[in-house]
Structure formats: C-alpha cells, structure tokens
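Any value given below was found using the heavy atoms of this structure, including those in side chains, with hydrogens, waters and symmetry copies removed. Lettering follows sequence order; numbering is per chain, from 1.
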Number of protein chains: 2
Amino acid sequence: MAYAKVEHDVVIDKLMEVFRSSGYDGASMATLAQATQLKKASLYHRFPQGKEEMAHAVLRYVATWAKSRIADVPVVSDSTPEDRLDTALKAIDELYDGGRLDCILRALSHGSAANLFQKEIGAIFETLIRSFKHLALEFGHNEQQAQQLANELMVKIQGTLIVQRSLGQPSMFKAMLAEMSAKFMKTHF
Amino acid sequence: MAYAKVEHDVVIDKLMEVFRSSGYDGASMATLAQATQLKKASLYHRFPQGKEEMAHAVLRYVATWAKSRIADVPVVSDSTPEDRLDTALKAIDELYDGGRLDCILRALSHGSAANLFQKEIGAIFETLIRSFKHLALEFGHNEQQAQQLANELMVKIQGTLIVQRSLGQPSMFKAMLAEMSAKFMKTHF
DNA sequence: GTCTATAGCTAGATAGAC
DNA sequence: GTCTATCTAGCTATAGAC
C-alpha cells in the first residue's frame, strides 16, 4: 500500500465514528469525507465500492478489536479470572465511552444496511459471547449458566445503551457492567 | 377533518411500518407515499411539516397504544395480577411480532432523528416502566425490586431484539418474555 | 383531498488533471 | 493518492389543476 498504515487506521476510526452516530443511511459521502479530511474522490480511491466497502472495513476493524481486546485476554494473560473479566469489561466500557456512544454493530444492522453486514456482525457477536462464556466457565459456572450469562451480558449491553439514552440516565451503563461483573463472579451452590 | 378517521389510522400504521423497518433517515417520502398509497403531495397535505410531523404523529399513536394496551390494563380489569401481567406481555409480544420486528422507538432515536423525538420517546419508555413497576408491586415486590424488574424488562426487550436479529435466533424474544414473567411472579423471601 | 408536474437541492459515483 | 469538476438519480418540498 502506498499510504501510511497509521493514517489508514485513522481513516477507519473516523469512518466508524460517523457510521456509529449517523447510521448507515444517515452517513453521506460528504459527511464521511469531511470527517476523514479527505475529498470524496479520495475516499473512492481507497474504497472503490463506496460506503458499503467502508462499512466492511470498519467491521473488520471491530472484529480485530474484539479479538485482541476481549477474546485474547485469557490467552495473553496469566492473571486471575477476576483480572481478566475486569480487563474485558473495562474494554467494553471504553468502547462505548461509559454508555454515551451508540454501538457500531447496531448502527450497521438497520435500514438499508439490514442485510448487507448481517453475517460479519453476527460473527462478532458470537466472538464476544464465546469469550465471555469462557470467562464464566473459569469462575466455575456450568455450561448452561455460562452460556446464559454471556448472552445476558450482550443483551444488557445493547438494551442499556438504548434505554439509558432515551431516559437520559447516563449512570445505567456502568451500573449494569458492575452488576453483571458480580453475577459472573458469584457461582451458585 | 374531511377524511375518514379510520383511514387516517391506516395511514399512521403504514408510516410506522416504514419508519420501523427503514429508520428515520432511510424512510424517504417516495417510500412513505408508496406504503400509504398516497401521492407525496397528499402526504404533505396531511402532514405539512413533512417527515418530522409524520414521525410525531406515529409517536402519538404509540403513546396511545402504550397507555391503552399496557398502562390501563390494571385499571380496566378486575382480574388477577397474573392475568394482567400476561395480558401486558402478550401485547408486547404482539407489538414486536415475537421479536421479528424492530422497535419504532429505537428507529426514531438515531441518526438525524437523534434529538428530534427524544422527549416523546423518553415519556413512552417511562409510561411502560411505570406500568410494569406497578405490576411488580402487585406481586409483592418492594419498591426497589419493582423498579429494577421494570427497568430490566425494558432493557431486555430492546437488547434481545438486537441480539436475536444479529445471531439469527428467533426464539430468544419469547424465551426472554417467559423468563421475565417468571421473575415478576416469583417474590423473594 | 387528491393528483401531476416540477423546482431546487443533495445524494452517490466518476473523469481526468496534477 | 489527492484533488476539482461534473454527471445522473434521488431527495424534500411546492405550485396549481381538478
């Protein structure tokens, strides 16, 4: 590639920001160009298929993020399960800026994008669920409990983002993460 | 009004269908006209402020629905709390067609609509939460438990709709409603 | 109240200079 | 790789006949 890799990452990050806040249909080429500080024609040079290719690139970035920040935490670390859960949930908290930001996966799941990225988005959700399920197993939960906890975490992340926004109560997200953390650590006897 | 009221309701229903599936930004006047079987100019006659006024009308309709189908259930009925909870949750299940449909409140909460309808949408969420909290109190839950259960139900409705769609597992929504129903009925001692 | 027709604009996308 | 300039299609919105 002829352009610097770091700059490409910055472009991806800016594209993600626009898709996340505006949605796929709400993100225009003009907006995306302004955010990346590139002209529209330059964006088409990097992403010949336009918006759709940009969204794919963003989702590849998110998939990489999920693997490195969530899935690979148990692998690279030799710390306790408590530490690894804390690290993973802190990454989630950071990703959504304490619940203030929309979820990019949801933003690319609706409107005219409903069927375009379904497969990639589903795979990312599955990666996240599998990762948190493994963590739950480490705490001593059985197979079914671990699966339920991981599913519940995903559901509550998505649901809390929506309800918190609509109710204007910015404390819900962090409270939910703390509550779910306690649920993971508390094995039932 | 010069047009029949029943027809107006049909128009509102079709508008809601488009906003829900396409989102606010994805819903074009052409699409809205086609869905209502009216021409664009006729839509502007009924809704002089265009899309924004249509969305407001849809949200007024949803607020009425929430009051009549959820909030007023305890009032109009002299049945048991179990029956009333069942009726309310069946209304929710019907509203989302078993989790297959997007939530209109979420569809009108993002993109360029993010700040346009926040107040109305928040009020509808509050109505729903208040209603389910009252139901929880009837089952003997204390103030704090009832509030938590009602919040959890809202969060799980929204979150399950998203996760179910992305994972392609259409059974999650009904299972979640059944699980939450059990939680409402089971008072902790 | 409904329609046809159209104005004025912005969308996504491309050509071609540098 | 980046840019200016431009195309066509679709968008919101309105004028005015019936």
Asks: When you group the ILVMFWY residues by side-chain heavy-atom contacts below 4.5 Å and let the links chain together, are B:L153 and B:L101 in the same group?
Replies: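 No, B:L101 does not connect to B:L153 through the hydrophobic network.
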
Asks: Would you say that more than 12 heavy atoms from the other residues, nucleotides or ligands in this model lie under 6.0 Å from the CD of B:Q34, or not?
Replies: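 No.
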
Asks: Does a side-chain N or O of B:Y44 approach OP1 or OP2 of D:dA13 to a distance below 4.0 Å, or not?
Replies: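 Checking D:dA13 against B:Y44, a side-chain N or O does come within under 4.0 Å of OP1 or OP2.
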
Asks: Please give me every residue in residues 20-31 of chain B whose heavy atoms get under 4.0 Å of an atom in DNA chain D, ordered by residue number.
Replies: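 By residue number: B:A27, B:S28, B:M29, B:A30.
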
Asks: When hydrophobic residues are tied together by side-chain contacts of less than 4.5 Å, even through go-betweens, does A:Y61 share a cluster with A:L116?
Replies: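 Yes, because A:Y61 and A:L116 connect within a single hydrophobic cluster, where side-chain heavy atoms sit under 4.5 Å apart.
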
Asks: Round to a whole Å and report the spacing from CE of A:M54 to C1' of C:dA13.
Replies: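 Result: 10 Å.
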
Asks: Is it true that, when you exclude A:D78 itself, more than 12 heavy atoms of the residues, nucleotides or ligands shown sit nearer than 6.0 Å to its CG?
Replies: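 Not buried by this count: 12 neighbours or fewer within 6.0 Å.
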
Asks: Please state how far atom NZ in A:K39 lies from atom P in D:dT6, giving the value in whole angstrom units.
Replies: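 It works out to 16 Å between those atoms.
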
Asks: What is the distance, rounded to the nearest whole Å, between atom CD of B:Q34 and atom C1' of D:dG10?
Replies: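 For the pair B:Q34 CD and D:dG10 C1', the rounded distance is 14 Å.
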
Asks: Is any side-chain heavy atom of B:K186 less than 4.5 Å from a side-chain heavy atom of B:F139?
Replies: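 SC-SC contact between B:K186 and B:F139 ruled out.
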
Asks: In whole Å, what is the span from the CZ atom of B:R46 to the P atom of D:dA13?
Replies: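 These atoms are roughly 18 Å apart.
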
Asks: Taking CG from A:L43 and P from C:dT14, how many angstroms apart are they, rounded to a whole number?
Replies: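 From A:L43 CG to C:dT14 P: 14 Å.
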
Asks: Closest to the A:K51 side chain: C:dG12, C:dA15, C:dT2?
Replies: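 Side chain of A:K51 sits closest to C:dG12.
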
Asks: Quick one: is C:dA13 close enough that its OP1 or OP2 comes under 4.0 Å of any side-chain N or O from A:K40?
Replies: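 For C:dA13, OP1/OP2 do not have a side-chain N/O of A:K40 under 4.0 Å.
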
Asks: Applying the side chain to side chain donor-acceptor pair (under 3.5 Å) criterion to A:H110, which one of B:R106, B:H110, B:R165 satisfies it?
Replies: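 That would be B:R106.
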
